[in-house]
Student: 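Dropping a structure here in structure tokens format, bear with me for questions.
Predicted model, so just to flag it, every value in this text is computed and none were measured.
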Amino acid sequence: MNLKKVVFLLLFLTVMFLTIEVQQILGDREDRMLTTSEIKSSIHSKYLGDIGNIKLNMNSEEYMYIVNLHSQNSKYNLKVDAYSGEILYLDKVASENLVTVGNQSISFVNGKASLDRNSLNCSNKISKIKKS
């Protein structure tokens with residue numbers, strides 16, 4: 001065989017080998033993606049609260065889960081790595097204080113009162129609470 005054919009054959013085999021290896025690595029990465037239940041378990045092991053919405057975001061280079069976490073007095077948005085379960089981002093989006101007047105609950109979210117529309121004297125109850 002002449003030298004050009006040998007070099008071409010070795011180059012071709014090297015490219016084929018690298019292509020196969022890259023496909024296997026990427027394929028393995030897909031197999032290792034955590035499920036939503038595994039993500040929930042990971043979050044519950046680190047934070048107290050109820051998990052609301054959880055969705056997989058595949059728009060970026062890194063796959064991540066977007067999770068809404070509701071604790072007793074606050075709401076958080078979390079970004080969680082889909083492969084490792086690592087918390088990449090944690091943002092407190094709302095604080096909530098709950099006050100009960102009689103049989104009516106009034107919640108304050110970021111300083112704004114929220115009340116059942118069927119309640120009587122809503123404005124009086126809210127102004128009394130704000131003054132105290």
Student: Which heavy atom in Leu88 sits nearest to a heavy atom in Val80, and how many Å separate them?
Tutor: CD1-C, 4.3 Å

Student: Where is the tightest heavy-atom contact between Met33 and Glu38, given as atom of each residue plus distance?
Tutor: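 Shortest heavy-atom separation between Met33 and Glu38 comes out as O-OE1, 4.4 Å.
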
Student: Within the distance-only criterion (no hydrogens, no angle test), does the side chain of Thr19 pair as donor or acceptor with the backbone N or O of Val15 below 3.5 angstrom?
Tutor: yes

Student: Give, for atom CG of Leu48 and atom CD1 of Ile43, the distance between the pair rounded to the nearest 0.5 Å.
Tutor: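 One gets 12.5 Å once the value is rounded to the nearest 0.5 Å.
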
Student: Are Leu34 and Tyr89 connected into the same hydrophobic cluster when the rule is that any two of I, L, V, M, F, W, Y join if their side-chain heavy atoms are below 4.5 Å apart?
Tutor: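 Not linked; separate clusters.
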
Student: Between the side chain of His44 and the main-chain N/O of Ile39, is any donor-acceptor distance below 3.5 Å?
Tutor: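 Answer holds: no.
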
Student: Would the distance check show the side chain of Asp91 and the main-chain N or O of Val93 forming a donor-acceptor pair, the cut-off being under 3.5 Å?
Tutor: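 Checked: no pair found.
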
Student: Do Ile66 and Lys79 have side chains that get closer than 4.5 Å, going by heavy atoms?
Tutor: yes

Student: Just checking Lys46: does its NZ atom have more than 12 heavy atoms from other residues, nucleotides or ligands closer to it than 6.0 angstrom?
Tutor: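 Yes, NZ of Lys46 has more than 12 neighbouring heavy atoms, counting only those of other groups under 6.0 Å.
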
Student: What are the two closest heavy atoms between Ser42 and Gly85, and how far apart are they?
Tutor: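 What the structure gives for the nearest pair is OG-O, 3.5 Å.
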
Student: Taking side chain as C-beta onward, heavy atoms only, is Leu56 less than 4.5 Å from Thr36?
Tutor: no

Student: Assess the residue pair Ser71 and Tyr76 against the criterion (side-chain contact (heavy atoms from CB on, under 4.5 Å)); give the C-alpha distance rounded to whole Å, side-chain angles, the decisive distance to 0.1 Å, and a yes or no.
Tutor: CA-CA 8 Å; Ser71 71; Tyr76 300 90; 3.8 Å; yes

Student: CD1/Ile87 to CE/Met64 distance, rounded to the nearest 0.5 angstrom?
Tutor: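 It comes to 11.5 Å.
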
Student: Rounded at 0.5 Å granularity, tell me how far OH in Tyr63 sits from CG in Asp81.
Tutor: 12.0 Å

Student: Could you report the tightest heavy-atom contact between Lys92 and Ser74, atom names first, then the distance?
Tutor: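 Closest pair (atom of Lys92, atom of Ser74, distance): CE-OG, 3.1 Å.
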
Student: Looking at Tyr47 and Leu69, would you say the former's side chain and the latter's main chain have a donor-acceptor pair under 3.5 Å?
Tutor: no

Student: Just verifying a value: how many Å separate Asp50 CG and Lys75 NZ, rounded to the nearest 0.5 Å?
Tutor: 11.5 Å

Student: How many angstroms lie between atom CE of Met58 and atom OH of Tyr65, to the nearest 0.5 angstrom?
Tutor: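 Output value for this atom pair is 9.0 Å.
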
Student: To the nearest 0.5 angstrom, please state how far the NZ atom of Lys5 sits from the CZ atom of Phe12.
Tutor: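 Reported to 0.5 Å precision, the distance equals 15.5 Å.
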
